[in-house]
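Below you'll find the structure, written out as structure tokens, and then a few comments.
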Amino acid sequence: MSKGITSRKENYSEWYNDLVLKGGLADYSAVRGCMVIKPYGYTLWENMRDVLDRMFKETGHVNAYFPLFVPKSLFEAEEKNAEGFAKECAIVTHYRLKADPENPGKLMVDPEAKLEEELVVRPTSEAIIWNTYKKWIQSYRDLPLLINQWANVVRWEMRTRLFLRTAEFLWQEGHTAHATKQEAIIEAEKMLEVYADFVENFMAVPVIKGIKSPNERFAGAEETYCIEALMQDGKALQAGTSHFLGQNFAKAFDVKFVNKENTEEFVWATSWGVSTRLIGALIMVHSDDEGLILPPRIAPHQVVIIPLPGKTEEDNARLNAKVKELLSDFKTAGIRVLLDDDDMKRPGFKFAEHELKGIPVRVVIGMRDLQNNVAEVARRDTKVKASLSLDNFSESISTLLEEIQLNMYDKAKTFRETNITKADSFEAFQKSLDEQPGFILAHWDGTAETEDKIKELTKATIRCIPLNNEQEEGKCILTGNPSSQRVLFARAY
RNA sequence: CGGGGCGUAGUUCAGCCCGGUUAGAAUGCCUGGUUUGGGACCAGGAGGUCGUUGGUUCGAAUCCAGCCGCCCCGACCA
């Protein structure tokens, strides 16, 4: 039925690409590793962005914008951070082109236009922001400083994948400054909660909150909090991170404040971000072999109405009047609705098309329905069709949209729960990875060496140490050394 | 960066091995008509410097060499 979509079973990554490309979310571009986000995909991102932006503002943050370029000397100021990103930076070295004397009609970099100091295209903005914060912070009265920015960043990844890892991507990055360590930790934890709230309740993607092992920690952070989601192929995807940065950046950029006791102290910092990668998670958690399945709360169109014209002008006048009325009711009820009354395409084509695009609810209304004061309502998540009365129709649809939202979450959660296993030996661990890929809870002795070794042997990494983790005596699956808790392993994107 | 694949109409691809009419098909697009409850049909039409540069040849989409680009797998990656 699904024309040209590779099935998940056949080839999971082709299926994923098909959905992104044929679902109209994005397209490849002429730039290596960079994609074009098409209007449908961008609307989805805008919807996500709007919700997050509201949440950030409700938690006291304001937006600002910092430059795309970071002078190399600033970039390298915080050594660990710089080192962590050094291998994937795009660098501006010149500011001018000129006609190439050897190739008529072509341009070349003007060697005389070399910059005194190279500019790093931001892979993240801590450096430029902390350099700025130095100017803004003098007193405890200037704190906390709670700023977010919506921006693009560039990370020159060796291998890219649509939405999941592109060389340039869109994201938000929050950068906050605090007077005390405790306050900064609370902030980092609070923003993790905001992310979890958003991802679970708007994207319908269940997540596990936790902290990263030192190996997986953000370069320059004291502690990295994260939310981890499980994809349908059993691989994990980091959906968001929030970092407690300690005083590392304050020290690197010399950002001090005077406290109430009139003594100087370095400020405490956090940073946190989510990106267009979330769209990759959304696709891989919910969609099926017929196409995308988008959760109602962020879907570009929540409902598509497809009128089926009758035989006579009279019939069609009645139908059109009814459709117009429904559109108006939907609008009043705040439902994002798309009307597909293109009479050049047959219904079956439209059904398939809208299923591919993942519109949560399809409403079909023809003369037969009109006679009975009903419409055929089909939900994308379960593919179930039903006749619904046109009385209080927008209320019925609103209720249905909520039901779909919850059902999608429940379904994803059930999938995740059935794919979290416990492994008590290395053999069991490997077997689990091969036979039932997913999250695996296992004991780990807490050393980086063991973590590396397990990664080398199995490609699985520690996704996180879950928050409020149950304490349990056990033995490390690799070394047999004592362990006080299980940590969450998986192969990851 | 290693391995594999690919580059021909908007898209998906055939043609290439074995050089030789005016480079094809499907789909999409445009015009007109008939249709419309699960991917309609008829008729007409537009659309190509065959990735690029050079070489071999009377003649290159086809053979040879270089270059460029993209995709997939791996390595890498917060």
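Within every chain, numbering begins at 1; the chains are lettered A, B, ... in the order of the sequence lines, protein sequences first and strands thereafter. Fair warning: this is a prediction, and the values are worked out from it, not measured in the lab.
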Suppose you measure atom C1' in B/G44 against the same atom in B/C68; what distance do you get, rounded to whole Å? 41 Å

Once rounded to the nearest 0.5 Å, what's the spacing between atom CG of A/Leu401 and atom OG of A/Ser396? 11.0 Å

With a 3.5 Å cut-off and just heavy-atom distances, do the side chain of A/Arg346 and the base of B/G37 make a donor-acceptor pair? no

Fit a plane to each ring of A/His61 and A/Phe56, take the angle between them on a 0 to 90° scale, and name the class: parallel (under 30°), tilted (30 to 60°) or perpendicular (over 60°). perpendicular

If pairing requires Watson-Crick or G-U wobble contacts with both distances under 3.5 Å, which nucleotide is the partner of B/U31? B/A43

Go through B/G37, B/G38, B/A75 for me and flag the one nearest to the A/Met158 side chain. B/A75

Where the side chain of A/Phe351 is defined as all heavy atoms beyond and including C-beta, which of B/G38, B/G39, B/A75 is the nearest nucleotide? B/G38

Indicate, with a heavy-atom threshold strictly under 4.0 Å, whether A/Arg362 touches base, sugar-phosphate, or nothing. base

Provide the distance between the two P atoms, one in B/A14 and one in B/A26, to the nearest whole Å. 16 Å

Could you tell me how far B/C71 sits from B/U12 if I compare only their P atoms? Round to whole Å. 13 Å

Taking the same atom, P, in B/G15 and in B/G51, what whole-Å distance lies between them? 15 Å

Can you tell me how far apart CD1 (A/Ile279) and OH (A/Tyr42) are? Round to the nearest 0.5 Å. 10.0 Å

Atom NZ of A/Lys87 to atom C1' of B/C77: distance rounded to whole Å? 8 Å

Do any side-chain atoms of residues 75-93 of chain A form donor-acceptor pairs under 3.5 angstrom with protein atoms, and if so which ones, sequence neighbours left out?
unit_1: A/Glu78; atom_1: OE1; unit_2: A/Lys80; atom_2: N; d: 3.2
unit_1: A/Glu78; atom_1: OE1; unit_2: A/Asn81; atom_2: N; d: 2.8
unit_1: A/Asn81; atom_1: ND2; unit_2: A/Ala219; atom_2: O; d: 2.9

Using modelled atom types only, decide if a donor and an acceptor are shared between the side chain of A/Lys350 and the backbone of A/Ile306 within a distance under 3.5 Å. no

Anything under 30° is parallel, anything over 60° is perpendicular, the rest tilted; go ahead and classify A/Phe330 against A/Phe393. parallel

No-H, no-angle donor-acceptor pair, A/Glu355 side chain to B/G38 base, under 3.5 Å: yes

Nucleotide forming a Watson-Crick or wobble pair with B/G74, both distances under 3.5 Å: B/C1

Near-strand residues of residues 241-248 of chain A, defined as heavy-atom separation under 4.0 angstrom from RNA chain B: none

How far does the C1' atom of B/G19 sit from the matching atom of B/A60, given to the nearest Å? 6 Å

Whole angstrom is fine here: how far is it from CE in A/Met344 over to P in B/C30? 8 Å

In whole Å, measure the gap between the P atoms of B/U21 and B/U11 for me. 27 Å

Taking only the P atom of each, what is the distance from B/G38 to B/G4 in whole angstrom? 49 Å

Just name whichever nucleotide pairs with B/C6, Watson-Crick or G-U, keeping both distances under 3.5 Å, else none. B/G69

Which residues, if any, of residues 376-389 of chain A bring a heavy atom under 4.0 Å of RNA chain B? A/Glu376, A/Lys385

Answer with base, sugar-phosphate or nothing: what part of the nucleic acid does A/Lys311 contact at a heavy-atom distance below 4.0 Å? sugar-phosphate

If the condition is salt bridge (charged side-chain N to carboxylate O under 4.0 Å, His left out), which residues does A/Arg8 pass it with, not counting sequence neighbours? A/Asp289

Between A/Phe429 and A/Phe489, does the ring centre distance come in under 6.0 Å? yes

Starting from the 5' end of RNA chain B, give me the residue, A/Arg277 or A/Arg368, whose nearest nucleotide shows up first. A/Arg368

Once you round to the nearest 0.5 Å, how far does CG of A/Asn63 lie from CG of A/Leu146? 12.0 Å

How many whole angstroms separate atom CD of A/Glu290 from atom P of B/G38? 16 Å

Is the ring pair A/Phe169/A/Trp171 parallel, tilted or perpendicular, if the boundaries are 30 and 60 degrees? perpendicular

Calculate, to the nearest 0.5 Å, the distance between atoms CG and OH belonging to A/Asp233 and A/Tyr12 respectively. 4.0 Å

Length of the line joining A/Asp340:CG and B/G39:P, which is rounded to integer Å: 15 Å

Applying a 3.5 Å limit to both distances, which nucleotide forms a Watson-Crick or G-U wobble pair with B/U11? B/A26

Atom C1', compared across B/G39 and B/C64: separation rounded to whole Å: 46 Å

Hey, can you tell me if A/Trp268 and A/Phe244 have their rings parallel, tilted or perpendicular (30° and 60° cut-offs)? parallel

Flag for A/Ser213-A/Asn215: side-chain donor and acceptor within less than 3.5 Å: no

Interatomic distance, A/Trp156 CH2 vs B/C1 P [rounded to whole Å]: 13 Å

Most 5' of A/Lys459 and A/Ile365 on RNA chain B, judged by nearest nucleotide: A/Ile365

Scan the side chains in residues 366-378 of chain A for donor-acceptor partners under 3.5 Å anywhere in the protein, sequence neighbours excluded, and list what turns up.
unit_1: A/Asp369; atom_1: OD2; unit_2: A/Gly366; atom_2: N; d: 2.9
unit_1: A/Asn372; atom_1: ND2; unit_2: A/Arg368; atom_2: O; d: 3.1
unit_1: A/Asn373; atom_1: ND2; unit_2: A/Asp391; atom_2: OD1; d: 3.2

Nearest-angstrom distance from the residue atom CZ of A/Arg491 to P of B/A75: 10 Å

Closest to side chain of A/Lys455, choosing from B/C77, B/G37, B/G39: B/C77

Looking at the side chain of A/Asp343, which of B/G37, B/G38, B/U36 is the nearest nucleotide? B/U36

Strictly under 3.5 Å: I want the nitrogen or oxygen pairs between protein and nucleotides 67-72 of chain B, one per line.
unit_1: B/C70; atom_1: OP1; unit_2: A/Arg32; atom_2: N; d: 2.9
unit_1: B/C71; atom_1: O3'; unit_2: A/Tyr28; atom_2: OH; d: 3.4
unit_1: B/C72; atom_1: OP1; unit_2: A/Asn17; atom_2: ND2; d: 2.8

To the nearest angstrom, the CZ-C1' distance between A/Phe349 and B/U35 comes to 16 Å

From CD of A/Glu456 across to P of B/C76 the rounded distance in Å is 9 Å

